[in-house]
Amino acid sequence: MQQRVLVIDDSPDIHALLEARLRPEGVAILHAHSPDEGVAMARAQRPDLILLDVEMPGRSGFEVCAALKSDPLTDALPVIFLTGLQTTYDKVRGFDLGAVDYVTKPFEPAELRARVRAALRTRRLLDLLSTRASVDGLTGLYNRAWFDRRLAELCADARPSSLLMIDIDRFKSINDQHGHPVGDKVIVAVAECVARASRPAEGACRYGGEEFALLLEGRSLREAARVADEVLTTVRALSLRAGAAEVRPTVSIGVGGTAELGRDPAAVLAGVDRALYAAKRGGRDRVVESVSGGTALHAGS
C-alpha cells in the first residue's frame with residue numbers, strides 16, 4: 001500500500017518543492033496550508049508521516065506538534081520538523097515534543113529523501129510489530145490491548161460510533177461437558193461470525209475468554225443493533241460436533257453508542273456491559289441496547 005506524507009506549511013512554494021523532491025519515493029503527498037487545516041487532516045487521514053513547518057502564522061509548528069501528540073487519534077504519527085531555525089534549543093524542543101527528525105531549509109534533496117525514507121521505514125516496521133502484538137493467537141481477531149486503544153480513538157472522534165459486547169452463553173458448561181478443545185472450537189466459530197458481521201476496516205476483537213467486542217466506526221445505535229441481530233442469527237445457525245454430541249452455541253449481546261453514552265471510554269464500556277448483563281439476566285440468546293437512563297430489549301432479537 002502506498003504510504004502517505006502530510007505536508008503542513010503555509011508556503012505554496014514549499015509544497016511544490018516537496019512534491020517534486022519526494023516524487024521519486026513513490027509516496028502520496030497530502031497538503032495542508034495552515035496549522036488548523038493540518039491538525040484536521042492529520043485526524044481525518046492519519047498519514048504515515050507529517051512534514052511540519054515550525055514558523056507559521058497563528059500557531060507555530062511546535063504548538064501543532066503538541067496538539068497532535070496530545071490527541072489519541074494522532075499521537076503515534078511521526079513528525080519531521082521543517083524549518084530555517086538551526087539552534088540547538090529549537091532542535092531539542094522539537095525532539096522533546098515527540099518529533100522523530102528535523103530538516104533545515106533550504107533542503108538538500110538527497111538528505112531530505114533519506115530522512116523521509118528512514119522515517120517511513122521505521123513507521124512500517126512499527127506498524128508491523130503493532131499489528132502482531134494486537135492480534136489474538138487463537139481467533140486471529142484483535143486483542144484487548146488493541147480494543148482499549150481503538151475505543152479511546154473512537155470516543156475522541158466527533159462522529160458517533162457504536163460498540164457491541166458479545167458473550168458466549170453457558171460457556172463453562174461447554175468446557176465442562178465436552179472439554180477445552182471443543183470450547184476452543186466454539187470460540188473460533190463464534191469469532192468467525194463476529195468477524196463476518198463487521199466491515200473490513202472495523203474492529204472485531206476477542207475481549208477476553210469467551211467474550212468478544214465489535215467496534216463500529218461512524219455507525220449509529222440503530223445500525224449497530226442490526227449488526228447485533230446478524231451476529232445473533234449467524235451464531236444460532238452453528239452446529240459443531242463434539243464426538244457423538246452436537247454443540248449449538250448462542251450468544252448474548254449488549255449494544256451502545258457514543259451518541260447515547262458520551263465520549264468517555266469507561267462510560268461507554270460500562271453502559272454496554274450493563275446491556276450485556278441485562279441480556280444474560282433476561283434469558284440469554286438476545287440483544288439488549290444501552291439507552292439513556294437504562295437498557296432496552298431490542299425488538300429484533
Side-chain angles (χ1 to χ4, degrees), residues 1-56 59-62 64-69 71-86 90-91 94-95 97-135 140 142 146 149-150 153 157 198-203 217-218:
M1 182 181 295
Q2 188 179 34
Q3 290 184 290
R4 298 175 303 155
V5 176
L6 171 62
V7 178
I8 306 176
D9 198 300
D10 62 307
S11 168
D13 291 339
I14 292 296
H15 283 271
L17 179 62
L18 289 170
E19 183 90 49
R21 293 286 186 261
L22 296 177
R23 189 174 294 121
E25 299 304 312
V27 297
I29 306 295
L30 308 176
H31 299 278
H33 295 85
S34 71
D36 290 344
E37 183 186 13
V39 171
M41 287 187 67
R43 297 183 86 249
Q45 300 291 334
R46 295 177 212 169
D48 298 288
L49 175 65
I50 297 173
L51 300 181
L52 175 60
D53 185 24
V54 170
E55 299 175 289
M56 292 184 289
R59 298 167 73 184
S60 72
F62 295 133
V64 171
C65 186
L68 293 172
K69 295 303 178 182
D71 187 334
L73 286 175
T74 56
D75 63 348
L77 302 181
V79 174
I80 294 179
F81 277 117
L82 308 174
T83 182
L85 302 175
Q86 299 189 40
D90 288 314
K91 292 181 180 180
F95 287 127
L97 286 170
V100 299
D101 210 341
Y102 210 101
V103 179
T104 55
K105 303 174 184 177
F107 311 125
E108 203 287 319
E111 180 187 2
L112 172 68
R113 288 194 293 269
R115 291 180 182 275
V116 167
R117 277 198 304 272
L120 289 174
R121 184 167 54 247
T122 300
R123 170 72 178 192
R124 187 181 289 112
L125 291 173
L126 289 174
D127 284 347
L128 180 60
L129 290 172
S130 177
T131 298
R132 290 180 176 176
S134 299
V135 173
Y142 289 115
W146 185 92
R149 292 194 301 271
R150 188 67 182 125
E153 291 174 353
D157 198 319
S198 63
R199 296 170 181 166
E202 289 177 334
E217 181 177 354

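Here, residue 1 is the first one in the sequence, and each next residue gets the next number.
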[X] vs [Y] side-chain heavy atoms within contact, under 4.5 Å:
X	Y	result
Val5	Glu25	no
Thr122	Val100	no
Leu51	Asp9	no
Met56	Ile8	yes

Problem set entry | Stepwise side chain to side chain contact (heavy atoms under 4.5 Å, CB included) test for Val135 and Trp146 | CA-CA 8 Å; Val135 173; Trp146 185 92; over 6 Å; no
As an exercise, state the distance from [atom1] of [X] to [atom2] of [Y], rounded to the nearest 0.5 Å.
X	Y	atom1	atom2	value
Met41	Arg46	CE	CZ	14.0 Å
Asp13	Asp10	CG	CG	10.5 Å
Ile80	Leu120	CD1	CG	7.5 Å
Arg115	Leu82	CZ	CG	11.0 Å
Asp71	Glu153	CG	CD	9.0 Å
Phe81	Asp90	CZ	CG	10.0 Å

For this session: Carefully, step by step, assess His31 and Glu19 under the rule side chain to side chain contact (heavy atoms under 4.5 Å, CB included).
Result: CA-CA 10 Å; His31 299 278; Glu19 183 90 49; 2.8 Å; yes
For this session: Could you check Arg4 against Gln45 for side chain to side chain donor-acceptor pair (under 3.5 Å), going step by step and ending with a plain yes or no?
Result: CA-CA 9 Å; Arg4 298 175 303 155; Gln45 300 291 334; 3.0 Å; yes
Exercise. Taking all non-hydrogen atoms of both residues, which atom of Cys65 and which atom of Leu97 are closest, and how far apart?
Worked result: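 So the minimum-distance heavy-atom pair works out to SG-O, 3.8 Å.
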For this session: Salt-bridge test for Glu217 and Arg199: reply yes if a basic N is under 4.0 Å from a carboxylate O, no otherwise.
Result: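 No, no charged N to carboxylate O under 4.0 Å.
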For this session: Test Leu18 against Leu112 for side chain to side chain contact (heavy atoms under 4.5 Å, CB included), laying out the working first.
Result: CA-CA 9 Å; Leu18 289 170; Leu112 172 68; 3.6 Å; yes
For this session: Could you tell me whether a side-chain N or O of His15 sits under 3.5 Å from a main-chain N or O of Leu30, the two making a donor and an acceptor?
Result: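 The answer is no, because no donor-acceptor pair under 3.5 Å joins these two groups.
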For this session: Look at the side chain of Lys105 and the backbone N and O of Thr83, then say whether any donor-acceptor pair between them is shorter than 3.5 Å.
Result: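 No, the answer is negative, given that no donor and acceptor are paired below the 3.5 Å cut-off.
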Problem set entry | Residues Leu77, Arg123; criterion side chain to side chain contact (heavy atoms under 4.5 Å, CB included); working and verdict | CA-CA 8 Å; Leu77 302 181; Arg123 170 72 178 192; 3.8 Å; yes
